[in-house]
Structures are given as structure tokens and as C-alpha cells.
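Lettering follows sequence order; numbering is per chain, from 1.
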Amino acid sequence: MPVVTLPDGSQRSFAQPVTVAEVATSIGAGLARAAIAGRVDDRLVDTSFVIEGDARLAIVTEKDPAALDIIRHSTAHLLAQAVQSLFPDAQVTIGPVIEDGFYYDFAYKRPFTTEDLAAIEAKMREIAKADLRVQRRLMPRDEAVQFFKNLGEHYKAEIIAAIPANEPISLYGQGDWVDLCRGPHVPSTGKLRAFKLMKVAGAYWRGDSRNEMLQRIYGTAWLNDKDLNDYLHRLEEAEKRDHRRIGRELNLFHMQEEAPGAVFWHPKGWSVFQGLIAYMREKQNAAGYQEVNAPELMDATLWQQSGHLEKFGENMFTTRTPDERLYAIKPMNCPGHVQIFKQGLRSYRELPLRFGEFGKVHRYEPSGALHGLMRVRAFTQDDAHIFVTEDMITEETVRGIRLLLDIYKDFGFDQVQVKFSDRPPKRVGEDAIWDKAESALIAATQAAGVEYTLNKGEGAFYGPKLEFVLKDAIGRDWQCGTWQVDLNMPGRLGAHYVDEHSQKRTPVMLHRAIFGSLERFFGILLEHHAGKLPTWLAPVQVVLMGITDRQNEYLINVAEFLRNQGLRIETDLRNEKVGFKIREHTLQRVPYLLVAGDKEVAANLLSVRTRSGKDLGTMSRETFVERLAIELESRGRRTLED
RNA sequence: GCCGGCAUAGCUCAGUGGUAGAGCAGCGGUUUUGUAAACCGUUGGUCGGGAGUUCAAAUCUCUCUGCCGGCACCA
């Protein structure tokens, strides 16, 4: 006699065990039709789930946040059924839900083509339309292994064989097709309406590059067509933000075949790049850092000593010179900074000693990893190494974290997530040293009052690290900053200081980067702002233009004035209509367009227009400069529009 | 690195074995113009590199390079 308690507190009793679907029907036909799954005592189940005893039950409809995942999961099954219907000897493997959709990996004798994809999608619609019932059944594990082996599904059999023998396996069937799955699923394929297959790609079996490559089909699925179309629209918008496209359109930089993974900075791009460096230099100087510069090319023996050649060698560029010496191009700045530290006898009184470098490093990245500015082989780091005593780790880390978060705020990144990465499998140094380094970093992080998540085994080969992840305007995560505690490298490279008892001690080295790679940070900024860089960074801040050539003299005069105020300005005196000029400079994302016609000249004013198309009216050149100064000083927190 | 796709004018792209095209940009001219595209004319290509098949290759084959989407990698 199960008594079912509904979310509103009302209770219904039944004479015998009932299914979720039956309870829904007893409440109303509309609810029964809308039911996607059930939540029995907070556990998600199918609508066919049988409630044996007293339980709390919520009918999961589209309004429930869990509905979308269930639909995506069921759509993955629909995909697999369609593939096996069209390609019977394709084997299924796994098909999980991912952000915005799902994928399913198949083993097949040949890669799927885009034509196959269209056919598969058509088949999916056909099956969805047939509204097949989705049925769950249980099978003992060993029987399930045999069942899938008999079907020729060796991957599936392998997955099941890894499940403990006493756990029964649930199988889901729709029509004549069946798959292993934990569930829950929609009650019938007709519930799946808004979906689209996106792309095919290779993916390694079990995510291991030593294994064979499977065919992965990606799809997206939503509650309705509107959500689906919104999603497709979002993708288009994201593509318009692509930094590679903006970089070309705004003439910021280019890359070419002869220099894979390296950037040719054009004047405008380099202006922004220099702006980033100038900003960081100012912040670092104020925070007690000293800027240094170390060689890009150093003898391989030094890199052997540091451990880089052994642990990092496959990512390093080396060069053999005519005198038969082997040099390595630096992939990191730390060994160079240790050399600077080692010059002369260091005293504990000098610590903390903070060395910063805008160091250009080269790393041989796998060709398939290269991606615009986001993943390059030659890049500039805002890299610093802080030499401290063990006692200083906490205080210095607290200061460092504060500086990092402060700087991110200036760029409009208020949401920063922190990850703690502990010892990786490939590392130098004794475990006892790692124990010490990890606990010191955790203690310091806690002292800074920062929440963090654990990133197991992802530390640097010489020490644990904190990673700072920024969220951009369209919700994507970007790992930028890093803070690392290193109890290994200084000792390996023979760095010492003399303590208050005249004892030689090995310093602790804290590695730090805030932008990370300036190239990458530049790319993130471009995408975050969709090319509309804040005025303080914009390569051209103001363009002056006239209506006819009668205003030229006036404009040249104003231009000189603005330039003398330190603004980056251009004049556009071309024989073009003002609408045409406005269009061009707006597309170039120039923050402010100043227009002068005969009226403005007569009144000694300027008509001010923003790149977002807003008309700010006319004002004098002095007022414009004054108001712009507020925007520049506040780093865009207050603009002319405010 | 692995799987797949792509590579034609500065950019975006047509061109499925038979004389390389369009729009925009550029250049020359006309136009003196009021807040997101004035008009006319015109230059521009070893069709990514190399090899092969063919009477004939942008087009078919092989190979190299790069890029794009994933996977792996991101020390």
C-alpha cells in the first residue's frame, strides 16, 4: 500500500505498487503527457519505475532542470540507434551528456562523412517520429557481458566487464535496439524533438592516445526548437568574437606558414601588447618587483641541471652552433632568474627578492594543439620569481594573490576561480619536500581567504601550484595566472643565501604569472570584448573626421591638441561621406569618433559619437579630454557615456 | 602527435578534366558630402609546395607544409 507524497505535501495512496507514469496519470492527463522522468526520494528514475513502498515523488517535466540532461542523454541513444540502423557493423561505446549537448563514440571500419551525418540525423527524426517506447530491464553482469559479445559489441562488453559482478546491469531498449545504460531516459523517443548533429571527430578509446581512434559524433539537444535556435545563434555570435578573425579585421597581427605558432605583430596589435606590458610594469613596480632580463639561449648543461631537459625536453627547441655546442632556447624563465639571484652573496635581509621579466619563451607544442594566439610556440610571459625563506611563504602568497585579483578586476574579470594542483607523476624532488611545499601552499591559500578546488596531479614538475581561472563575457573559462611554491629548483641550481646565524640556506622560489602568456591574454581580451577593447588599451582611441574638406585645418589643429594630451588619435580627411567614414571606424572598433562640420568649427566644438552608435552631443576639446581622462584612469569603469 | 576536413586575388567565396571568375578592398577619376556603404573606370592569380596520370589538371592520384574541428597534450 504505497503512500506517495508529492512536492506540494499532498499524499496519495495506492492499493498496489505503482509506476511513476501511473501516479502522473492519476493526477492529470496533461501531467502524464508532460512527464519525462520521476524523482523518487530525490533519485532520478524512469517514468516506468515502480514505486513499491512509501515514497516522495516529483514528476520531472520540462520545467525541471534535470529534464534537459535526460533529453540529451536519450538523444545520444537515439543517435546510436540511428547509426546502428544505417551501419549495422558499427559498434557502440559511450555516449555521455556534455555542455550544450552530447556525443557518442563509435567504432567503425571507416570514418563517418558529413553526408553520413545528414543521413543519420534524418534517421533519428524518423525514429523520434515513430515514438518508440523506451524500456528498461535488468540483467546479471556476466549475462550482460555475454549478451553484448553475442551482438558483436566488444567495447560495450569491455565496459560492463569492469562493473562489479554483483551489480545488475540495466539495459535500455527502444524498438529492436538495445544499449547498456544507467539511465534514466525519456519514456518514448517522441519526447526528443529539438536536436541537431554538429560534427564528427576522432577520439581515442578510453581517452588514451595509445588506444585506437573511434569516431565521435557530436550533437546538441534542447527542450524545444526555440532553445535550439538560440543556441545555434550563440555559436554564430561566438564565431564573430573569434580573436583570429578580429585580429585580421582590425589589422592587429598575423601568422603564417613559415612560422607555425608564432605571431607577427602589426603596429596596432603591438600598441595593445605594449599597453599590457606598461600596465603590468606599473603594477609590479608598485608591488616591489624588480624587472630583469635573462638570455633566451643557454647551454644545454644548465637545462640538464635544472631538470628541464629530462622532464620537459620534448617541448624544447635546441640548437647546435657551428662550434658544436648545444644550446636550448628557454621554455621558462626560472633558471635564468636563479642565475641572477646567484650573483654575489645573498643575505636573508634581501628577501623577499622579487624578479619580474617579460620573458619570451619558446615551447615546441604538438602541431595539433596550435590555435591562434591561444596556443602558440613562441610567447611572452609576465613571469616573476620571488625568492623567500620558508617563513615568508604565507605572507608573500597572500600579497601575490591580492595583486593577481586586483589586476584581473582592472580588466573586468570579477569572477576568478582558483585551482590547487598537487604533485604530478613526472616530477623532481623527494616526496618529503613535496609534502612540505603542498602544505605550505595550502596554508597560504587559506590565509589569503581564497576558496579553491583540487586539481589532482596537475602541478609543475618542480612544485605545486595555484591556477587562476577567469570567466569571460560569454561564460567561457580561461586559465591565466599561476602561483607556484618551488622547494626544488633553487637547490638544483645551487642558489643560496646567508641567514641570520651566518648559515648558508637554500631559498624557496615562488613562481608567478598573472597574464600567463601575453599573447593568449590578448586573445582572451579580444574575445571577451568582441574586439571593442577598453579605451585605455585601444590602439586608436579617437578618430577625427570632417564633413567636407573645409574642416581639415580645424581638425588638424584639434588633432595636435589631443595628441599632446597623450591620446592615440587618427584623422580621417579622405574625400568620403561622413556616413562611410563612421561605418569604417565603427567596424574598426574605435572608441570615440569626433565629427566636425561647419557648425562645430564655428562654435569651436566637436560632435562626439561612440563606437556603439551613441551620440554624446557636442563638447569642447577640453571637456572631451577631461571626461576621457576619467575613463582612462578608471580603466573603463566610468566612461564618457556615464 | 592522432582522426577528419580545408587550402583559388588583400578579404569572403564561385568554379567536377578543355581560354581562371564575382563582390568587397586597392588604384585612377568624378563628386564637397551631416553620423554604419556616393558614382564611373581599372589593376590584381605559378589555383599552398613538389611529383604523377592525361593530348589536356584549379579539377584525378601520391606526397609535403599550413590552417580548421575534435582527441591526446597544455610541463
Side-chain angles (χ1 to χ4, degrees), chain A residues 98 103 105 108 110-114 116-117 198-218 239 242 244-245 248-249 251 254-261 307-308 310-316 331-332 334 361 363-372 374-377 379 421 424-428 457-463 465 467 479 482 484 511 516-517 520 545-552 573-588 593-600 607-617:
Chain A
I98 53 172
Y103 67 77
D105 286 348
Y108 192 50
R110 66 164 177 84
F112 294 120
T113 64
T114 43
D116 293 337
L117 220 57
M198 304 300 286
K199 55 199 165 197
V200 239
Y204 298 108
W205 167 235
R206 291 184 181 276
D208 189 328
S209 60
R210 286 166 302 192
N211 290 343
E212 63 273 33
M213 189 156 273
L214 307 171
Q215 302 297 318
R216 173 171 299 177
I217 297 179
Y218 284 92
E239 201 184 313
D242 191 312
R244 293 165 297 192
R245 172 178 171 152
R248 185 178 55 242
E249 286 171 354
N251 194 12
H254 86 271
M255 299 171 95
Q256 66 186 45
E257 209 173 313
E258 291 80 358
H308 282 83
E310 189 197 343
K311 306 290 177 190
F312 197 60
E314 54 189 40
N315 292 292
M316 287 170 70
M332 297 189 200
C334 27
V361 295
R363 299 180 184 181
Y364 181 78
E365 300 287 351
S367 58
L370 301 179
H371 179 91
M374 302 304 192
R375 194 80 181 270
V376 286
R377 284 178 176 163
F379 60 101
S421 299
K426 209 169 157 187
R427 60 178 181 262
V428 295
E458 295 293 321
F461 73 79
Y462 44 74
K465 61 182 182 182
E467 288 161 335
Q479 186 177 308
T482 180
Q484 307 165 1
H511 303 238
S517 147
R520 183 157 172 278
M545 64 194 83
I547 307 292
T548 73
D549 51 18
R550 286 194 298 278
Q551 294 88 38
N552 286 1
L573 306 180
R574 289 176 305 169
N575 174 16
E576 295 288 354
K577 292 182 124 173
V578 70
F580 179 81
K581 293 185 195 177
I582 285 186
R583 178 182 155 81
E584 282 207 337
H585 300 298
T586 302
L587 289 174
Q588 286 294 306
L593 307 182
L594 303 186
V595 183
D598 289 339
K599 280 180 281 181
E600 285 80 5
S607 169
V608 183
R609 185 190 158 104
T610 70
R611 61 186 156 192
S612 54
K614 203 162 175 191
D615 182 359
L616 300 184

Taking the six-membered ring of A/Tyr218, is NZ or CZ of A/Lys199 closer than 6.0 Å to its centre and within 45° of its axis? yes

Got a donor-acceptor pair under 3.5 Å from the side chain of A/Asp549 to the base of B/U32? yes

For a quick check of understanding: with a heavy-atom distance under 4.0 Å over all strands, which category does A/Gly613 fall into, base, sugar-phosphate or nothing? nothing

Taking 4.0 angstrom as the limit, do A/Asp208 and A/Arg210 come out as a salt bridge? yes

Students often get this wrong, so: under 4.0 angstrom with heavy atoms, is A/Lys599 touching a base, only sugar-phosphate, or nothing? base

Counting side-chain heavy atoms from CB outward, which of B/U12, B/U35, B/U32 is closest to A/Arg248? B/U12

Backbone N or O of A/Leu370 within a donor-acceptor pair of the A/Arg377 side chain at under 3.5 Å? no

For RNA chain B, whose closest nucleotide is more 5', that of A/Glu584 or that of A/Leu214? A/Leu214

Interatomic distance where NZ belongs to A/Lys614 and P belongs to B/A36 [whole Å]: 16 Å

With no hydrogens and no angle check, do the side chains of A/Glu365 and A/Asn315 hold a donor and an acceptor under 3.5 Å apart? no

Between B/G48 and B/G10 - P atom distance, rounded Å: 12 Å

Base versus backbone protein contacts along nucleotides 66-72 of chain B [heavy-atom cut-off under 4.0 Å; B, S, -]: S-SBBBB

Rounded to the nearest 0.5 Å, what's the gap from CZ on A/Phe461 to CD on A/Glu310? Could you check? 9.0 Å

Atom pair distance, as rounded to whole Å: CG in A/Asp105 and P in B/C3: 16 Å

Hey, what's the ring geometry for A/His308 with A/Phe312, parallel, tilted or perpendicular (30° and 60° as the breaks)? perpendicular

Do you know which two heavy atoms are closest between A/Lys581 and A/Met545, and how far apart they sit? CB-SD, 3.6 Å

Heavy atoms only, 4.0 Å cut-off, all strands: where does A/Thr114 land among base, sugar-phosphate and nothing? nothing

Please work out if A/Phe461 contacts a base, only the sugar-phosphate, or nothing of the nucleic acid, heavy-atom cut-off 4.0 Å. sugar-phosphate

Quick one: label A/Lys465 by what it contacts on the DNA or RNA (base, sugar-phosphate, nothing), any heavy atom closer than 4.0 Å. sugar-phosphate

Starting at the 5' end of RNA chain B, which residue's closest nucleotide do you reach first, A/Gln479 or A/Arg574? A/Arg574

Would you mind telling me which of B/U35, B/C3, B/A38 lies closest to the side-chain atoms of A/Glu576? B/A38

B/U30 -> Watson-Crick or G-U wobble partner, both distances under 3.5 Å, gives B/A38

Answer with base, sugar-phosphate or nothing: what part of the nucleic acid does A/Glu365 contact at a heavy-atom distance below 4.0 Å? base

Calculate the interatomic distance between A/His585 atom NE2 and B/A37 atom P; express it in whole Å. 14 Å

Would you mind reading off the distance between A/Phe580 atom CZ and B/G34 atom C1', rounded to a whole angstrom? 16 Å

Please classify the nucleic acid contact of A/Arg550 as base, sugar-phosphate, or nothing, using heavy-atom distances under 4.0 Å. sugar-phosphate

Atom CZ of A/Arg244 and atom CE of A/Met255: how far apart are they, to the nearest 0.5 Å? 10.0 Å

Please state whether the base of B/U35 and the side chain of A/Thr586 form at least one donor-acceptor pair under 3.5 Å? no

Categorize A/Gly597 for me: base, sugar-phosphate, or nothing, with a 4.0 angstrom heavy-atom threshold over every strand shown. base

Describe the nucleic acid contact of A/Val595 in one word from base, sugar-phosphate, nothing, applying a heavy-atom distance below 4.0 Å. base

Please measure how far the P atom in B/U61 lies from the corresponding atom in B/U53, and state the result in whole Å. 15 Å

Contact class for A/Glu212 vs. all strands (heavy atom < 4.0 Å): base, sugar-phosphate, or nothing? nothing

Tightest non-hydrogen contact, residues A/Thr610 and A/Leu616, listed as CG2-CD1, 3.8 Å

For B/A36, does either OP1 or OP2 sit under 4.0 Å from a side-chain N or O belonging to A/Arg611? no

How far does the P atom of B/A9 sit from the matching atom of B/G15, given to the nearest Å? 15 Å

Rounded to whole Å, please give me the gap between CD in A/Glu458 and P in B/C74. 7 Å

